[in-house]
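Quick caveat: nothing in here was measured; it's all calculated off a predicted structure.
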Amino acid sequence: MAKGWDVNIVRNIGISAHIDSGKTTLTERILYYAGKIHAIHDVRGKDGVGAKMDSMEIEKERGITIQSAATNVTWKDIEINIIDTPGHVDFTVEVERSLRVLDGAILVLCGVAGVQSQSITVDRQMRRYSVPRIAFVNKLDRSGADPFRVCAALREKLHHNAIMAQIPVGLEEGHKGIIDLVKMKSFVFEGDNGENIIESEIPADMLEDAKKYRKELIGAAADFDDDLAEKFLMEEEPTEDELNEAIRKGVLTLKLTPVFCGSAYKNKGVQKLLDAVALYLPNPTLIQNVGLDQRKNEEEVALFSVPDKPLVGLAFKLEESRYGQLTYLRLYQGTLKKGEFIYNLTNGKKIKVPRIVRMHSDEMHDMDKAEAGDIVALFGVECASGDTFGDGSAEITMSSMFVPAPVISLAIKPKDNTQASKFSKALGKFTREDPTFQVKRDEESGETIISGMGELHLEVYIERMNREFDCEVISSPPQVAYRETIGAAAEFNYTHKKQTGGSGQFAKVVGSLTPMSTDEGKTYEFIDKVVGGRIPKEYIPACDKGFQDQMSKGTLIGAQVVGVQVKLVDGAYHDVDSSDMAFKICSMAAFREAYAQAKPTALEPLMKVEVSSPEEYQGSVIGQMNQRRGIISGTTSREGFSVVEAEVPLAEMFGYSNELRSATQGKGEFTMEFSRYAAVPRSVQEELQKAYQKKREEEAK
């Protein structure tokens, strides 16, 4: 840490955008201009090195960012903690956990594609955490680039009060630099890596445009400063400081988004963007953070970025490194010192701070202490993502971040059974790292089911198991949890006799099976109506157990039976040959016999599916739902987006995320949750019965 830590010169920022908008390339240039790296490597670089911030092998190969990476740079006199986040919807939790702890953000937009589906998602996430942002229109060297169109899309699609703070000098192949509308100067970037910035007067052919856009900028900024508003009305020129201060106020209130431009890949405009980060994005003291006081019934308390108040730090991300678990910590209040004891306020454990480091992608630099407003990493601290740490003088916890529910599952198993320990170790590591990656064992099928945010999300984890744990896995669609039920009442009258020398077995049960509703979560009911001691009381629980055991696997498709009321009305016993076992076996056989007469039916889980996409794709989305046996329950349109709600069988939802993305050019998203069980169509039931019969025949062999 720099000597004499000053929180006022700190900026904790994130770089967020749609996939392939150039976030990682932009971060690479920032590191270069701030002197953190001495050579620029591109995301899909021919030199094979890959971008500095993509430290995982799989990231370098696919040319995408999977995990958010943290680094720190000093630009002029400003300390900037930067988190480069993924753009792909499957890794949305990485964006959530970054935004949860950031004070400001750069929203990167492609100069050609403009506002895309993931830009909308990222913007929604920024709003959730009230993150002030500035926009950077990238890739102005590309054919068809138009920052003015992108600025208009920010207004129309994201409802930002977006305003040009710079305009480009040339576009496409002729893109050379920018005109700063605050300074009213032209800046052209020359040299191999754009390190030579040539400041000059605005070219004569661009002066009128520059004056027009400057007037719009002053008009927008005037809403946030009375003195500037007065000057604007009087048509007086504001000073540079006055205009900067008004823009800053607008950004901090989330009511103004200044738009900057350039081309990170061609090294244009990045240094001026860093100046804007220093000028307009807040230091930690300007953001109002609140904690929950556990000693006062979770009463909200304001947190202050000062070193002499009780320590409050949030573990927002965990990462397994080659040295053990690395815990990323945002300090909201107080001071953290190496060697001191701190408390995990989520589980009450006391721990010693073994090592504090400042992260630079996968490199680290040791520190003796860290103060409020900083983002650092700790080693050797056992905790979960979202845990709060304190020094014991107060019990203030931070509210946790939003974790979206998984939407897709796969059944996986190790290719080689000798790898079982590696397999479980990998799954344990991934679930600690990523709250949207979930693992469960399906008791019915015995399969290990992994769930996540999309097919790419799960693909990456399967690939990481192979690379990091040398454990190859086989994946297959999980078995759908079908159920069976009855469609009519049926009676049973069954006698179980067995005589094989010595004491035999004897039991008789008489009664009925009746369909019952499962709406309230009740799947089985047992009613004892036996009178006159026809079945002794001590054998009644064995009968109940026999019925339940038989219901665990139906004879139609081998699934659990639900929605059955069993009424026991009569029976008989033998003084010597009757036993618990005899009555249990008798009840199981009686159930099987009556079940065949009770019109058994297969049930399948129906999911409540909600698909949101731009309105022009609504027809395609509805068509897809119909193809998947879905029943549309409603459609709504809002701000150019359509939301289609439907009930769709789970069996039909596998592979849907990829199909939706291709039908909506990557702009569609969906959520899915369990709704209810319903009867399967006859044709599907016949297929399931055939598959079950075949499985039984194979097992019999």
Side-chain angles (χ1 to χ4, degrees), residues 2 6-17 21-37 53 68-85 98-99 101-109 122 126 129-138 154 160 162-166 178 180-183 187 189 194 197 217 221 240-241 243-254 256-264 267-287 305 330 360 373-375:
D6 178 3
V7 73
N8 296 304
I9 62 164
V10 176
R11 304 286 182 272
N12 292 317
I13 67 161
I15 298 180
S16 305
S21 295
K23 295 183 306 302
T24 303
T25 306
L26 175 62
T27 312
E28 196 76 2
R29 299 313 187 265
I30 289 172
L31 296 179
Y32 177 76
Y33 296 129
K36 273 280 174 175
I37 56 174
M53 299 299 279
S68 46
T71 190
N72 165 271
V73 301
T74 304
W75 176 251
K76 298 183 176 172
D77 295 325
I78 301 290
E79 291 275 334
I80 306 176
N81 286 318
I82 301 173
I83 296 192
D84 172 31
T85 59
S98 303
L99 291 176
V101 298
L102 294 173
D103 302 325
I106 302 171
L107 177 60
V108 183
L109 300 152
V122 167
M126 285 186 192
Y129 299 110
S130 300
V131 179
R133 62 272 203 203
I134 60 178
F136 180 67
V137 182
N138 194 17
L154 268 174
H160 279 230
I163 194 81
M164 301 298 288
Q166 297 175 345
I178 56 100
D180 183 328
L181 298 175
V182 175
K183 289 182 182 290
F187 293 89
F189 301 85
I197 307 169
L217 176 65
E240 201 178 301
D241 288 347
L243 186 48
N244 280 333
E245 188 54 34
I247 295 170
R248 188 160 174 258
K249 284 178 185 170
V251 171
L252 295 189
T253 56
L254 274 68
L256 186 69
T257 307
V259 178
F260 301 87
C261 37
S263 164
N267 313 309
K268 308 275 189 279
V270 178
Q271 300 96 316
K272 297 301 292 177
L273 179 67
L274 281 171
D275 288 343
V277 166
L279 276 171
Y280 306 129
L281 291 179
N283 67 53
T285 65
L286 296 172
I287 296 292
S305 295
R330 163 72 202 260
H360 173 35
D374 210 353
I375 292 176

Derivation of the side-chain contact (heavy atoms from CB on, under 4.5 Å) call for His160 and Arg133: CA-CA 10 Å; His160 279 230; Arg133 62 272 203 203; 3.2 Å; yes
Heavy-atom side-chain proximity of Ile247 to Leu256 below 4.5 angstrom: yes
Note: Arg11-Glu79 ion pair, threshold 4.0 Å (strictly below): no
Between CG on residue Asn8 and CG on residue Leu286, distance to nearest 0.5 Å: 7.5 Å
Steps toward side-chain contact (heavy atoms from CB on, under 4.5 Å) verdict (Leu273, Ile106): CA-CA 9 Å; Leu273 179 67; Ile106 302 171; 4.1 Å; yes
Met126 vs Leu107, side-chain contact (heavy atoms from CB on, under 4.5 Å): CA-CA, chis, key distance, verdict: CA-CA 10 Å; Met126 285 186 192; Leu107 177 60; 4.2 Å; yes
Gln166 side chain to Val182 backbone, donor-acceptor under 3.5 Å: no
Lys249: partners by salt bridge (Lys or Arg N to Asp or Glu O under 4.0 Å), with sequence neighbours left out: Asp225
Nearest heavy-atom neighbours spanning Val251 and Pro258: CG2-CD, 3.4 Å
Contact summary for Thr74 and Ala34, nearest pair of heavy atoms: O-CB, 3.7 Å
Presence of salt bridge, Arg330 and Asp374, under 4.0 angstrom: no
Geometric cation-pi criterion Lys272 and Phe260, 6.0 Å radius, 45° cone: no
Taking every non-hydrogen atom, the tightest pair across Leu109 and Ala135: CD1-CB, 4.4 Å
Taking every non-hydrogen atom, the tightest pair across Ala278 and Ile78: CB-CG1, 3.7 Å
Any donor-acceptor pair under 3.5 Å from Arg248 side chain to Leu279 backbone: yes
For Ala162 against Val259, the heavy-atom pair lying closest together: CB-CG2, 4.1 Å
Derivation and outcome, side-chain contact (heavy atoms from CB on, under 4.5 Å), residues Val270 and Ile30: CA-CA 7 Å; Val270 178; Ile30 289 172; 3.8 Å; yes
Between Tyr280 and Asn244, a side-chain donor and acceptor under 3.5 Å: yes
Leu281 to Pro132 - nearest heavy-atom pair and separation: CD2-O, 3.8 Å
Short side-chain donor-acceptor distance under 3.5 Å, Asn283 and Asp103: no
From Asn12 atom CG to Ile375 atom CD1, the distance as rounded to the nearest 0.5 Å: 4.0 Å
Approximate separation, where rounding is to 0.5 Å, of Ser263 OG and Phe189 CZ: 11.0 Å
Side-chain (Asp180) to main-chain (Phe187) donor-acceptor, under 3.5 angstrom: no
